[in-house]
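Here's the structure, in C-alpha cells; my notes come after.
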Amino acid sequence: MKDFEPVIVAFCCHYCAYTAADMAGSKRIAYPANVKIIRVPCSGKVDTIHIMKALENGADGVYVAGCLEGDCHFKNGNLRALQRVKQVQALLEEICIEPERVEMVTMSAGMGERFAKAAFEITEKIRKLGPNPSKAAMEKAKAA
Amino acid sequence: MQNQNSIQTGKVLVVGGGVGGIRAALDIAESGGDAVLADNAYSIGGLMTQLDRTFPTNNCDLCTLSPHLSESGRELHIELKTMTEVTGIQGAAGAFEVTLKTRPRYIDVQKCTACGECFERFPECVRFTPGLDHRAPTCMRYPQATPWAYSVDMEKCNDPEALEKVCKMGAILPEDRAEETLIEVSAVILAPGASIFDPAHLDHFGKGTYPNVFTSLEYERILSASGPTGGILERPSDGKQPERIAWIQCVGSRGIQKGAASYCSSACCMFATKEAIVTRERFKDDIETVIFYMDMRTSGKDYELYYQRAKNEFGVRFVRCRPHSVVQNPENMNLEISYTQDEKSENITEEFDMAVLSTGFMISEETRKMAEVMGIELNPHGFAETASFTPIETSKPGIFVCGMFESPKDIPETMVQGSAAACKALSIPYRGKPAPDHKLRAPADDAAENQWDDYDEYEEFPPERDVTGETPKVGVFVCDCGYNIGGVINVPEIVDYCKTVAGVETAVAVGHGCSGESQKMMESLIKEHQLNRVVIGGCSPRTHETKFQDMVRRAGLNKYLVEIANIRDQDTWVHGDQPEIAANKAKELIRMAVSRVWLSIPLADHTLPMNKDILVVGGGVSGMTSALALADRGFKVFLAERSPRLGGMAANIRKTLEGEDVRSKVEEMIERTMNHEKIQVMAPAIIVDHAGMPGMFTTGVQSGPQMFYSSIKHGVTILATGALPNRPSEYFLNEHDAVITQLELDERIEDNPESVKNAENVVMIQCVGSRTTDNPNCSRVCCQAAVKNALRIIKINPDARVIVLYRDMRTYGFQEDYYKKAREKGVVFVRYGLEDTPVAEADGDKVNVIFKEPILGVKVSVNADILCLSTGFISDDESTEDLGFIFHLQRTDDGYFLEDHVKLRPVDLPVPGFFVAGTAHAPKNIRESIVQAQAAAGRAQTLLSQDTINLGASVAKVDGKKCAACLICVRACPYSVPYINADGYSEIDPARCHGCGICASECPAKAIQLMQFQDDQILARLDGLFERMN
Amino acid sequence: MKTESVLEKVFNSGQLAVTSECGPPRGALPEKVIEKAKMLAGYVDGINVTDNQTAMVRMSSLAACILIKQIGLDPIFQMVTRDRNRLAMQSDIIGAYSHGINTMLCLSGDHPHFGDHPMAANVYDLDSVQLVQTVRNMRDNGKFQGGDDILNPPKMFIGAAANPFADPFELRVARLAKKINAGVDFIQTQCIYNMAKFEKWMKGVCDRGLDKKVHIMPGITPMKSAGMARYMKNKVPGMDVPDEIVKRMAGVPKEKQAAEGIKIAVEQIQRLKDVQGVHGFHIMAIEWEQKVPEIVEKAGLYPRPVIE
Amino acid sequence: MSLKKRLSSKEFVVLAEMHTPKGVNISELVNNARRIKGRIDAVVIPDMDNGVMRMSALAGGVLMHQQGIEAVINVYCRDRNRMAIQGDILAAHVLGIQNLIVVKGEEIANCDHKDAKVVDDLNEIQILEVVNGLQNGTDMAGFDLTGAPEFTLGCTLGKFADQASLEKEIQAAKQKVDAGARFIITPPIFDIDYFLSAADKIKALNVPVIASVFLIKSVGIARYMAVTEPESRIGEDLIKRIRKSRDRENECLKIAGESMKALKGQVDGVLAVTLGWEHRLPTILDYAQL
Amino acid sequence: MITAERKPMEEIIASVRPYNRILLVGCNECVTVCAAGGRKEVGILSSALQMAFMQEGKTLDIKELTLERQCDPEYVEELVTVIDQADAVLSMACGCGVQEVARRYKDKPVYPALNTKFMGASERQGVWAERCQGCGDCILGLTGGICPVARCSKRLLNGPCGGSTAGKCEISQDVDCVWQLIWDRMKALGIENRYEEVMMAKDWRSSRDGGPRKIIREDLV
C-alpha cells in the first residue's frame, strides 16, 4: 500500500470553497494534488448521486466544501449538503464501505489555509483508509 | 419634449477610491455612465479594507465587498487611475476640464500578472498590498487588490536593469514618468475620505512612548488575522496576552485634547464597542474590556441595541468619565488610567494591560489642498461646505461630495452618500464638446427609436453560430501565463497530451490567453477549425471567465460553450515544487473540462423588458426628493402619498439646527413635485396589492377622495413612508398645556415667539419614549432638536433658564459645535440615569420638574413654564407592517424596513427592485433623509438604465413530464420560487431563480436541472477524471 | 335486580362495596390462583381477575375465574378487547356465565408495546365502550352483537374502568357518561392519589347526575415504598401522584415505608367514603394481596355484609 | 328571474359593481363578469361616479347584456346635458338594458379631469322625472316619442353619520322615491348593527333596500376610512381583525362576505363594491354563502 | 399517498445476489413524492448496489428505469423492450407496483426494494405520517376529520383511553393522542356535545377483514 495515492473529489461551492482554493493558489499554499475540484454554484447543488457516482467511478474519497455555517450565499444550501453527506455516509456503512470516505467541510472565501489544511487532512485520512474497497476488489479481480 | 429625456452626461470624475468613491463610481457605471476613479494610493479600497470585522454582524464583510472591488476594476465604464491626484480644474458644471497627475508606478498594469517574481527578488522596492504583504494593513480574507498589480518604489531600487529583467512579462518600466492628463468631465465627486487623528503629541496618553498604547485602527489590525501579529493578541512590551483592555473615547474629537477637532467624529463609539465585543467574543472572560466615554453616541439604526448587547450580553464595562491621563507602570509596563466620575468626586485609578485610543477623523492637508484646487468652500473644520437641503452639493455647481469629506460618518452613511452623489452627478447634463459615446441611456418613452443601438454593446458581436446537431469539436487552448504556469509545467507537452484526448480537435499553446494577441489567435483558430466547444487551460474562471466568454462570442459561439480548466490558481500555484505532479493534474483538469464541455449546450441569458417607471410610496421630503431626482432625469414617477397633502413630517418643522428655513424649502419642493410633468401625484393613495418582479411590477393603489382603484405598472419601487412623531403619554403630555414636544416648541418659537418670550424656566427632557423597552432605539434627532430650540429660546429671551435633562448628548458630527455653543450661552445640561428619571408635577399652569443633580447628588425642583419633551420618532408600525405584507418585505423588531445589508447595501431592500429612503428606514434628520432619497434614486437608476434585465443562464428548469408534483422543490427553495402550476407540475420562474440548484439536487424525480450545471455535465467531469480507470 | 351478582346486591343494599384483584400466574399453577383468592375471602365482595395484564401473557382470566368460582368466591371476570375479536369475546362471556360467573369488567387493555409480545397484532375489533354495549345487549336483549338470538343470555353485571386523571381532563366526565350510555353498571377507577382532583371529577359526575346511574368505586393502591411512589408518579401513563405523597413516603425510614403506605391508603378510603357518588372501593394491592384484609379492617369496611 | 321580478316578489337580490376600463381593453371586465355569472342577479356598471374618466356605463352595460348578464347602469348629472342624457337613456333601452340607478356624481375637484366644465343641467330628481316622462312616451320638451322605454329605476341614499343626518338623507331619498325610484342603494355598511338600528327608517320609504358592502382591501384602507370617513364607523376591532390575520387579503374578502351574509334577511338585497378587485368576487360570494 | 422506505441494503443485496443483470425500476408516483423510489433513489440504489458487488469482484449490469406509475399495466408494459436484458427485476415501487410487474412478466423474478408503509400525509418536508388505513367505511365525519382508526394506537372509536397524557399517546411521546386532537377539533367546531354518542362497533367487512377488496365502477368498465 506504500504507493497508494488516493483520488479525492472535492465538490466546491463557487462562492466560498472554490474561492478559498483559488486563494490558496494566490498565497502559494501547497496542498495534495490528489484533490480534484469540481465547481458547483452552491454546495446545496451537490446531489447524493454525484457523491455516489464519484465513489462508484473510483474515487477513494469525496468531500463537499461549502460556506461556513450561516454564511451560505444561498441561505442554507450548505446545511442541505451536510444532510446529504450524512445520508451517503449511512448508505456506505450499509454496503460495508468506510463512511469516513465522505465528509463535509466548510470555509469562507478567504480561508486559503483552511482549504489546504482540509485537503491535507482528508488526503491523509483516505491514505490511511486505503483504496476504495470496491475499486480495489475490482482491480484485484481483473488482475486475477 | 420626450427626446429631452436623453440627457447627455459626460464622464464623471470620482476623486478617492474608498468605499464611498467605489460605490459612486459603480453606481455611475451601472447606470450606464462613465466614471474616472482617481486615487492617490496604489490600489483602491480605502479605510474599510483595514477593518477586521464590522458591526453589527461582526463578520468580515469584505467577502461581500470584494465583488464590488473587482467589479470596479473590470467594469468597462470605469477608468481606474491609481497614484493619481487632481492638480487643476477649469470650466463649469457640464464641462469641466480636469488636470490629473499620475505618479510613475514603474509597472505596466496591463501586463503585470502579479506573479510575485519581482517582489521575491526585490522585496525592498516592490509594493503590493493585496493582503499578502505582512507589512500591509490589509485584510487577509480579501483575496484581490484592484488593480491586481504591483508597484515599484524606484528610489529604493539599486539595480533597475536587473529588476526589469526579472519580469518575463516585460511589465516593469524603469523609465516610467509622471504623467499629466487632461480629461473633460461633466461632474466631479469628491470622496477623498479622512485621515486619523495622530495622538502622538498628547503626552498624557503616552501613545508612541508606551508600547502598550494603541489607536483603535491599530488595534483593529492586531485583531486581524492578516495583521502584524497574525491575529495574535499580545502586548508588545512582553508578548503576553492582555487581561484588561481599556478604550478611551473622544481622542482627537469634541475639542477635548490639544489639537483635537471640536466636532464629534461620529463613528468611534460604535467602533470601540465593536472592538470590545469582538475581543470578548474571542477571548470570553480571559480579557476584561472597559470603555471610558463621555456620551455614548449610538444613534444609528439598531446601534442602541448593539450597545445594550455589549453591556448586557458581552459584559463590556462602560464608564462615563474623562480619563485625564494614562501612566505606565515602569515595572510591569501596565497602564494606569486615572479618572473622576460625575457622581463621585474621588479620583479613581485603574490598571490595564493595554489601552486603545479611539482616535477621531481629521481632514488631511492634502485634501484641503485638493479642495483649494477644486475651488470649493470648506467649513471651519476643513470639510466641504454643504446645506441640509443640498447635502452633497459643494459650493461649486457640478462638484459633489460623499463620505467622510462631507462630515465624519460610518460606512453605511458613506455608502448612502456614494449612491446619492452618483445620482446627482448623473443629473448634470454634458455641455462640452459633442461626444456621442457619452450618451447616457435614459428611459425610452417611445421605444427610444433605436438610438442607443451603437451604445448597447461596446463590442460588436457577430451572430451566434448554430451548433445544434454538430458533433462536438473541442479546441483546447493552454495558457502559460508566464512563469505562473509555464514556469512549472511544460506547456507544449501538455498541449501534445491534449491532442490525444478523445474529442479534442485541436490544442494550442496561447501564451497569455488574456492578452489581445492571444485572444485574436484563438478567435481565428476557432473559425479555422470550425470548433464548437472550447476549453481554456489557464487561471481561475473567477478571474477571466467573462473575457473568454466574450472571445468565443466574437468567434461566433455561444458564450456557454467555453469551459475553463483552472490550471494556475489550483494547480501550478500550489504544486510549484512538484512539476511532474502539477503536469499530471493539469492533464486531469483539462480532461475533466473537455469531458464537461462536450455536453455543454448553447444557453440564452434570461432577459426581461424593463419597465422604467417608478413608484415612490410616501410624499414627504424623502419621497419628493427621490421622485424629483428621477423625474428630472426623464423617468415617469408615480408618487403615492397616504395623506391628501404632500410634505410629510418635515411640513411640521420650521428650522434646522443650522437655522435653515424648512417650511419654505418644503413648500418649494411640493410646488415643484405637484407641477412636474413627469410626476403623477396620487394623494391620498393607499397601496392595496402588488405582484411581479423587478422591471415589471404591478401595484394596486386606491387613491383620490373616492379611493379609486388603479393598477400601476412600474419597474422599481422606492419606499419613503416615513415614521411617526412619537407621542407617549408621559409627563402630562396631552394633559397639561405647559407640556409640549420639541416639534411643537419649534413651531411655537417660529410662529408665536411671544409665547416663549416670557418663559422664565424651560426644561427639556430627552429620550422620552426612546431608548425604552417599548421603543429601544435612539431617535437620533432629539438631541439636535433640543440644542436647536434651546439656542433659539435664549436668543429670544436671553434671561430664560433652559435646562436639558439628558441621558447621553448625541450631537454627532458638527452638531457638537452647537452643543458647545448652547453650553456657552448658559443652557444647563444635566444628565439623568434610568435609575433616577426626572419627575413632573402639575403646578397651576406650570409644571414642577424634579430631577437629581448628579454632581451634587441632590434632588432639584424647577418650576417650568414650558416642559418640552424630546419624544423623537416611532415607526409607523401599522403601515410598514401592512406594506411589508403586501410587498413581502422584512422589518426590524421596532417596525422599520430592513435593508438588504446594513453596511454595504443600506438603501437596497432585500427584495430586488425595492429601495428605501428616509425615516421609513430608521430615524434620521432632514439632511440625512434627503441624502438617502437621492441615493435611492441613484440605486434605482442602476436598474432602470437597463433596457432588459439579464438574469444569466444558470436557472433551474423543470421537465414537466418527469415532475411528480411532490412539492419538495417548493419547500426546499430558499427563495420560494417553485410552485405547482395549473398543469400540475412544478414551474420555476427564471426571473426569480437565484441559480443555487438546491431544488435540482433535492428533486426525487430528477425532473429539475440547473442550466450550466446539469447532472450529466457534473458527472461528465467525473468521467473525465476517471477515464484512465474505466 | 339485573343479575345474580353479589356486587350488585351490595350496591343495592346501599352499603359500600369492596373489591380487590388477583393477577393470574404466568404458568399453569392453579394453586397460586386459589392461594391468592383465599387471602381475600370474607374481606371483599368480588375479586377482579386480570386479563393478560400489562400485555404480558398469563393464565387466562376465564380459567382463573372458574377456579375461584369453584372455591365459592365471587370473581369479576376482566376482559380486554386487545387480544380477541368479537367472536372470541362473546363466546368467552357465555362460557364464563355457564360457570356461574356473573360479574365482569370491560377494558381496552394496555397496548402490546408495553408487554412481552410487542410484536403481537393488536386486535381491537371493539373498544371497551363497544364491549360494554355488546355485553349489555347480550344481557338485556338476548342478542349477539351480530344480531342473532342467544339461548339463555348471560346475565352479567357490567363494569368498566375510568381514569379521572388522564388527559384531556375536561373530557373525563363525558367519557364516563359515554360508558353509562353504553350500559355500564359500575366503575372501578384508576388508583387515586390526587384526592382533590378526584373530588373535582366526582363533582362533575354528580353535577350531571351520573352518580345515580352508576356505582363508582375509586381505586386504592397502597404504596410499598417511596421508590414505588416515584415510579408511579413518573413512569405510569395517566397516573397522578401528588408530590406530597412522594414526600410523605420518602419522609419515613425505609423499613416503615410499607406501613406508611397502608396508612395512607386507609386515610384515603376514610376521606372518600363521604364523597357523594362513591359506592365502594377497589383495592388493588399489586403483588401485595395479603395486605388487603388489613386495609379493609382498618378502613372500617369489615365485616362485609352478608347478602342473601 | 329578472331583477325587476325578484324585487317585486321580495326575493333577496345580489348585485356586484363592475367598473369599465380606462381604455378599450375590456377583457378583464368581461372575464370578471363571466366568473360570477349565475351567482349574482345583476351587475351594476357605474359611469364615471368616482371621477375617473373611463369607458361609459352604457357601453359597459351593453357588454354585460351580451354576456347574458343583467346590467344596471348609473346615470348622473355632472357630465351631460338633458339632450345627451335622454338620448343615452333611449339608447340603453334599445340595447337591452333594463335597469338604471340615478346617482350623484363626484365633485369635479376630486376628478381626474379637474379643469373639466361641469354641466349639471339636471339634478337627480329631475333625471328621475325625465326617465318617468320617457317611460310615459314624452321627452322633456313634451314631444311624443315613437316607442317608450321601460326601466326599473333606482336611486341612492346619501352617507349618514347620525340620526339627524339620516333624517336629512331620508327626506332627500323620499323625494327621489316620489320622483319614481323603485329601489334604493345604501352607502357602504361596515357596522351592521348600527345600520340595522337605522334600517327601519329606510324601509319606511317603501321601496326595496339594497345594502352596499364595500370590500376593504388592506389595513391601510381600513385605517384611511376610519380616519377620513368617521360615518363609515370602521372600528379598531375590524382593523385589528385584519392585522391579526395571517392572510390579510383573504381576511378582507371574508369580512365582506360575512357582511353580505349577515345582511341577508335584514334588507332586500346587497351590492358588492370591490373597486378594482372584481376578480375576487367569487371568493367573496363563497364566504357570503349566497 | 402511499408511503414507503428503502429496505436495508443487506436484504436488497441478498435478493439480487444470484443475478448479473438487474432491471431497477422506480415509480414516478407516490414513492417519488415520499422520496423512496423515484429517479433519484433509483440512481442512488443503483450506485450503492454496484459498489457493494464490486467489493465481491462482480460488476452488475444494472438498467435503471422509472415508470410513470408501476401499478398500471399500460405503464408496466413499457418494460417489455428491456425485460429480456435482465435476469431479475428490482422494483422500487410500492407493493402494488411490485405485484403488477410480477403479474405482467411471469417468468421474471421480481424483488421489492422498498417496504411499503402506509397511506399518509406529509407533515412537513421529509416527514410523513399515517393518516388512513383504508377501512372502507369512513367515519371522519363523526370525528372532526381526524381518524381514530388509523391514528389511535388502540384503534378506539370511543376514546381516549386512560393513558392519554398531555395530548400524547401512552405508547410514545412522539405520537399524538388522536382523541385529544379529535376532542380539540370537536370543541373548535362546537360539536363537543356529540362526543357522548357511542360510536357503534365497526363493520370491518369493508376493511381488509372482509377479504381482498375491489372497486368496480360499472360506468367505467
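Nearest approach of Ala35(E) to Pro1004(B), heavy atoms of both residues: CA-CB, 4.2 Å. Closest of all the heavy-atom pairs between Thr32(E) and Ala964(B) is CG2-CB, 3.8 Å. Residue Ala1005(B) comes nearest to Arg39(E) through the heavy atom pair O-NH1, 2.6 Å, listed as atom of the first residue, atom of the second, then distance. The nearest pair of heavy atoms linking Val33(E) to Ile968(B) is O-CD1, 3.9 Å.
The neighbour count for Glu77(E) CD, taken as heavy atoms of other residues, nucleotides or ligands under 6.0 Å away, is above 12. By the neighbour-count criterion of 12 heavy atoms within 6.0 Å, atom CD of Glu580(B) is sparsely surrounded, having that number or fewer from other residues, nucleotides or ligands. Under a cut-off of 6.0 angstrom, the local environment of CG in Asp893(B) is sparse, with at most 12 non-hydrogen atoms contributed by other residues, nucleotides or ligands. Within a 6.0 Å sphere centred on NZ of Lys957(B), heavy atoms belonging to other residues, nucleotides or ligands number 12 at most. Enclosure of atom NZ in Lys168(E) by more than 12 non-hydrogen atoms of other residues, nucleotides or ligands within 6.0 angstrom is indicated. Annotation for Lys108(E): atom NZ counts as buried by contact number, over 12 foreign heavy atoms lying within 6.0 Å. Summarising the local packing, CD1 of Ile215(E) is surrounded by 12 or fewer heavy atoms from other residues, nucleotides or ligands at distances under 6.0 Å.
Separation of atoms CD (Glu41(E)) and NZ (Lys1006(B)) is listed at 10.0 Å; rounding is to 0.5 Å. One finds the SG atom of Cys966(B) at 8.0 Å from the CD atom of Gln125(E) (value rounded to the nearest 0.5 Å).
Using a distance-only test at 3.5 Å, with no hydrogens or angles considered, a donor-acceptor pair links the side chain of Lys40(E) to the main chain of Ser1001(B).
Of the atoms belonging to Lys961(B), it is backbone heavy atoms, and not side-chain ones, that fall under 4.5 Å from chain E. Proximity to chain E is absent for every atom of Ala1007(B), based on heavy atoms less than 4.5 angstrom apart.
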